[in-house]
Amino acid sequence: MPQPSSAYLAEGPRVGIRHFTREDAAEFTARARESKELHRPWLFPPDGEAAYAAYAGRLIEDPTKAGFLVCAKEDGGGIAGFVNINNIVEGAFQSGALGYGAFSHAAGRGLMRQGLDLVVGHAFGPMRLHRLEINVQPANTGSIALARACGFRLEGFSPNMLFIDGAWRDHERWAITAEMRP
């Protein structure tokens, strides 16, 4: 169900970001099913109620994770995509690893760029993180373009880093620190 702009943690001209809720299951899973062709072979968001309940539950309850929905204002607050911060480490590290995905109805409209930028600002602001990292498969040119557009820099290459779709996959490591933000 679309959320009013007052529900946003941060907002820009075209999108707002807010946390996942259990009530988002129907819309999120419908968008995930519609977007399978866009996501494969890079991403496998939950597309059923039980899978969503487990996924959202981890994002809501686990203090080492934070999940954000990117909501399009022009679509009445409908979910355009998502950005998750995983492996949040506090103390001297103050870091997290980002994962994200656009839904097909919103792809190519600049909504995720604005949404990712809002999440980065929220992470470096209220969450008080210092560093964010994105790990992306080298052939995922759309994801790399988004990371680059949001000011992330290429820091390295990790062979066989993550087990995705039945195989260990190489990843490029892109990162940004609070000092790198304009």
Side-chain angles (χ1 to χ4, degrees), residues 1-12 15-29 31-32 39 42-71 77 79-103 111-137 143 146-147 150-153 155-156 158 161-164 168-169 171-181:
M1 170 178 270
Q3 300 288 312
S5 63
S6 62
Y8 297 136
L9 298 165
E11 60 185 295
V15 303
I17 59 168
R18 63 178 177 82
H19 287 294
F20 277 73
T21 70
R22 288 175 173 81
E23 293 74 28
D24 292 311
E27 182 182 1
F28 189 96
T29 57
R31 294 293 186 199
H39 291 156
W42 322 114
L43 188 61
F44 299 83
D47 62 1
E49 296 280 333
Y52 178 85
Y55 176 79
R58 287 188 300 273
L59 293 170
I60 293 166
E61 297 165 12
D62 185 340
T64 68
K65 300 180 184 307
F68 302 91
L69 295 172
V70 177
C71 302
I79 301 171
F82 56 95
V83 181
N84 299 331
I85 306 176
N86 300 296
N87 305 322
I88 296 171
V89 179
E90 296 179 343
F93 202 36
Q94 292 300 115
S95 181
L98 294 178
Y100 49 79
F103 290 125
L111 302 175
M112 285 302 294
R113 183 187 184 309
Q114 191 175 105
L116 179 58
D117 195 54
L118 290 170
V119 170
V120 170
H122 186 75
F124 291 155
M127 293 180 71
R128 298 185 347 224
L129 295 179
H130 176 258
R131 175 184 168 84
L132 295 170
E133 187 169 305
I134 296 169
N135 297 297
V136 60
Q137 293 178 57
S143 187
L146 180 58
C150 287
F152 286 74
R153 69 177 173 226
E155 289 193 333
S158 297
M161 181 179 187
L162 295 173
F163 194 77
I164 298 173
W168 289 99
R169 308 289 178 180
H171 281 72
E172 292 181 0
R173 293 187 323 278
W174 291 77
I176 191 169
T177 62
E179 295 84 7
M180 293 168 61
R181 295 266 300 172

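The basis for the numbers below is simple: all heavy atoms, side chains too, and nothing from hydrogens, waters or symmetry mates.
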Compile the donor-acceptor pairs under 3.5 Å between side chains in residues 81-92 and protein atoms, sequence neighbours left out, one pair per line.
unit_1: N84; atom_1: ND2; unit_2: Y55; atom_2: OH; d: 2.6

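- Smallest separation of non-hydrogen atoms from I17 and G115: CG2-O, 3.9 Å.
- When every heavy atom of G151 is checked against every heavy atom of M180, the shortest pair comes out as O-CE, 3.4 Å.
- Of all non-hydrogen atoms in A102 and M112, the two that sit nearest each other are CB-CG, 3.4 Å.
- Among pairs with a residue in residues 57-67, those fulfilling salt bridge (Lys or Arg N to Asp or Glu O under 4.0 Å) read R22-E61, at least two apart in sequence or across chains.
- The distance from atom OG1 of T64 to atom CG of L59, rounded to the nearest 0.5 Å, is 9.5 Å.
- To the nearest 0.5 Å, atom CZ of residue F152 and atom CD1 of residue I176 are 5.0 Å apart.
- Applying the ring pair (Phe, Tyr, Trp, His ring centres under 6.0 Å) criterion to Y52, with sequence neighbours excluded, gives F28.
- Under the rule for a ring pair (Phe, Tyr, Trp, His ring centres under 6.0 Å), the partners of H19 that lie at least two apart in sequence or sit in another chain are F68.
- Residues satisfying the side-chain contact (heavy atoms from CB on, under 4.5 Å) criterion with N135, sequence neighbours excluded, are E133, M161, H171, R173.
- Every residue two or more places apart in sequence or in another chain that forms a side-chain contact (heavy atoms from CB on, under 4.5 Å) with A32 is listed here: P45, D47, F103.
- When atom types are taken as modelled, the side chain of R169 and the backbone of I164 share a donor-acceptor pair closer than 3.5 angstrom.
- Nearest approach of P126 to G121, heavy atoms of both residues: CD-O, 4.1 Å.
- E172 meets the side chain to side chain donor-acceptor pair (under 3.5 Å) test with W174; sequence neighbours excluded.
- More than 12 non-hydrogen atoms from other residues, nucleotides or ligands lie less than 6.0 angstrom from CZ of F44.
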Given L116 and L98, is the side chain to side chain contact (heavy atoms under 4.5 Å, CB included) satisfied, shown in steps?
CA-CA 9 Å; L116 179 58; L98 294 178; 3.8 Å; yes
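- Every side-chain contact (heavy atoms from CB on, under 4.5 Å) that A178 has, sequence neighbours left out, goes to F124, H130.
- Without hydrogens or angle criteria, Y100 side chain to S143 main chain gives a donor-acceptor distance under 3.5 Å.
- The main-chain N or O of I79 is found under 3.5 Å from a side-chain atom of E27 such that the two form a donor-acceptor pair.
- Taking the side chain to side chain donor-acceptor pair (under 3.5 Å) definition, one finds that S95 meets it with nothing, sequence neighbours left out.
- Heavy atoms only, all atoms of each residue included: I134 and A147 are closest at CD1-CB, 3.9 Å.
- By the ring pair (Phe, Tyr, Trp, His ring centres under 6.0 Å) test, W42 pairs with no residue at all, sequence neighbours left out.
- Looking at residues two or more places apart in sequence or on another chain, you find a salt bridge (Lys or Arg N to Asp or Glu O under 4.0 Å) between E155 and R131, R153.
- Considering CG of D24 and CZ of R31, their distance stands at 12.0 Å, rounded to 0.5 Å.
- The stretch residues 112-123 participates, sequence neighbours left out, in these salt bridge (Lys or Arg N to Asp or Glu O under 4.0 Å) pairs: D117-R181.
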